[in-house]
> 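Dumping the structure here so I can ask a few things about it.
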Amino acid sequence: MSYQDHISQTNALIRSHNGSWDGISAESVARMRLQNRFRTGLDIAKYTATIMRKDMAAYDADPANYTQSLGCWHGFIGQQKMISIKKHFGSTDRRYLYLSGWMIAALRSEFGPLPDQSMHEKTSVPALIEELYTFLRQADARELGGMFRDVDAARAAGDQIKEKQLLTAIENHQTHVVPIIADIDAGFGNAEATYLLARKMIEAGACALQIENQVSDEKQCGHQDGKVTVPHEDFLAKVRACRYAFLELGVEDGIIVTRTDSLGAGLTKQIAVSKEPGDIGDQYNSFLDCEEIDAATARNGDVILNRDGKLMRPKRLASNLFQFRAGSGEDRCVLDCITSLQHGADLLWIETEKPHIEQIAGMVDRIREVVPNAKLVYNNSPSFNWTLNFRQQVYDAWVEAGRDMAAYDRARLMSVDYDATELAVEADELIRTFQRDSAKRAGIFHHLITLPTYHTAALSTDNLAREYFGDAGMLGYVKNVQRAEIRQGIACVKHQNMSGSDIGDDHKEYFAGEAALKAGGADNTMNQFAA
């Protein structure tokens, strides 16, 4: 409904109350409605799911239309990110938020900092989704509030042209509310537990759930050792649980991202059930590291498989886990991905040990032989040493090309001594174009950085602490923070406005008219930042 339609509808409603509602301004109601466009998390989930589906179709038509996100661990961080994107690029198109289970564990658990092993309270996941969208909706209210004030100023000045321009801008306002891809880890339990958590996450606003094929009780960070996967049927039950949650809540376009950790996972807790040769259970078991035995060499308590008429004993560790054959990771990843897409997944996530386009593309090429429009979400992880990885990739390419490498030590390429070299410049250019190049070559629809704002918060705090508690004193804050905020137009330099003070003043005026006691008067020190 348009701004004017809201006003007209509310005016009719006010008149229907025979004067008892005459103290209500129809235009003020219209403004409050536009500032609160999304009434519930489900409204957000439905809206953002539609956005993601359109973006996926646009990527299928042209891989230059890839999407991006940054992981955010607090509503304010997500809000400032989207305000910055609108400021710098004029649009939030193809730019999302990522909710990282790692950051919830490390920063949002009541237990305090925890490793990424699903030990944090699972209720903290939907709580953060709700928090992120609360802050994004407040960003809408703040931005529109400023536009409404400008309309009033134009009217007071008799500037009808300016007023018309502003009203058009209000009608075409683009919300800060964007899709969130939310990490549900390995489901926090069995399929029913996964369904219950998925439902809470969707009700909070999540349109895309990312779930991984590790065991819930042995879950590890994707970039740590000791990962244990589950048979496909166990994982697919959880994928279906997520889909049921979407459908129950009416989010028919909900997106499921299935993540495989098989590339770095050499262990399984279970031997899959197989009913006939070649079925999915048999394929999973075919990767087990086994030794052939006969009845005479069987031991008490052995688990024995019948494979092609032979008795095979899977290698079982003291932890009661079974071991996969070395070098089988890529084949298992490809099977995981194809199986997931054939059973309801929308997007794939392959967790790799390094950011290497051809490694990713090699697996995607095989997947696309079966599912031609397969697309990936890819973790541009801070767990990778991007500088060293890409310098080594360039080094190896130059060696293969027969170049003289006497000036370089491959083991020391991270050193600042190499920063100005031709090799380092070429490596940095490959890093700069990594997202574009891998979107085109390796089927990556969405690029995210899981933990960027964790690292930026630590880095900026370290810089401020060094200056403020050192010789610079207060200048350390003024020069490097406040002055930079003012000159770069950072929204939160007016922190009272950012916290909603002006919105509150507008409401006070709606409610009490001239009798309103407002905070934004002449003595408000935020007026120092008006210029």
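Owing to the predicted nature of the structure, the values given are computational and were not obtained by experimental measurement.
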> What is the ring orientation for W386 with F390, classed by angle as parallel under 30°, tilted 30 to 60°, or perpendicular over 60°?
parallel
> Could you tell me if K81 and T453 have a donor-acceptor pair between their side chains, going purely by distance under 3.5 Å?
no
> Using ring centroids (six-membered ring only for Trp), state whether Y195 and Y244 fall under 6.0 Å.
no
> Should the heavy atoms of other residues, nucleotides or ligands under 6.0 Å from CD of E292 be counted, would the total exceed 12?
yes
> In terms of side-chain heavy atoms, does S262 have a donor or acceptor partner in D336 at a distance below 3.5 Å?
yes
> For the residue pair F38 and Y47, does the interplanar ring angle fall in the parallel (under 30°), tilted (30 to 60°) or perpendicular (over 60°) class?
tilted
> Can a salt bridge be assigned to the pair D365 and R441 using a cut-off of 4.0 Å between side-chain N and carboxylate O?
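Judged by the 4.0 Å cut-off on N to carboxylate O distance, D365 and R441 do form a salt bridge.
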> How many angstroms lie between CD1 in I202 and CG in L42, if you round to the nearest 0.5 Å?
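Between I202 CD1 and L42 CG, I get 8.0 Å after rounding to 0.5 Å.
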> Check each of R95, H446, R94 against S69 using the side-chain hydrogen bond (donor to acceptor under 3.5 Å, both in side chains) test, and report the only one that passes.
H446
> Relative to the ring of F384, is the ring of Y378 parallel (under 30°), tilted (30 to 60°) or perpendicular (over 60°)?
parallel
> Salt bridge or not between E131 and R108? Use side-chain N to carboxylate O under 4.0 Å.
yes
> Could you tell me whether the side chains of S438 and H447 share a donor-acceptor contact shorter than 3.5 Å?
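A pair is found: one side chain offers a donor N or O, the other an acceptor, under 3.5 Å apart.
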> Between A237 and A191, what is the shortest heavy-atom contact and its length?
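In terms of heavy atoms, the two residues are closest at O-CB, 4.0 Å.
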> What residues form a side chain to side chain donor-acceptor pair (under 3.5 Å) with R137, not counting sequence neighbours?
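R137 satisfies side chain to side chain donor-acceptor pair (under 3.5 Å) with N36 once adjacent residues are dropped.
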> Could you measure the distance from the CD1 atom of I83 to the NZ atom of K87? Nearest 0.5 Å is fine.
9.5 Å
> Under a 4.0 Å N-O cut-off, is there an ion pair linking R243 with D346?
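Answer for the salt bridge query: yes.
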> With the threshold set at 4.0 Å, does a side-chain nitrogen-carboxylate oxygen contact exist between K122 and D185?
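No salt bridge links K122 with D185.
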> Using a strict 4.0 Å threshold on nitrogen-to-oxygen distance, state whether E143 and K86 make a salt bridge.
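Looking at K86 together with E143, the answer is yes, because their closest N to O distance falls below 4.0 Å.
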> Answer yes or no: is there an ion pair linking D183 with R259, defined by an N-O contact shorter than 4.0 Å?
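Salt bridge between D183 and R259, a charged N being under 4.0 Å from a carboxylate O: no.
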> Counting only heavy atoms not in Y454, do more than 12 fall under 6.0 Å of its OH?
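No, because the 6.0 Å sphere around OH of Y454 holds 12 heavy atoms or fewer from other groups.
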> Would you check if there is a donor-acceptor pair between the side chains of Q174 and D93 at a distance under 3.5 Å?
yes
> Just wondering, do T48 and V177 contact through their side chains at under 4.5 Å, heavy atoms?
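Yes, their side chains come closer than 4.5 Å.
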> Applying side chain to side chain contact (heavy atoms under 4.5 Å, CB included) between Y284 and each of L335, I271, T229, report the one that passes.
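So, applying the side chain to side chain contact (heavy atoms under 4.5 Å, CB included) to Y284 and each of L335, I271, T229, only T229 qualifies.
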> For L132 versus H74, what's the shortest heavy-atom pair and its separation?
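Shortest heavy-atom separation between L132 and H74 comes out as CD2-O, 3.5 Å.
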> Could you report the tightest heavy-atom contact between N65 and A58, atom names first, then the distance?
ND2-O, 3.1 Å
> Does the pair D302/R316 count as a salt bridge with the N-to-O cut at 4.0 Å?
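Salt bridge absent between D302 and R316.
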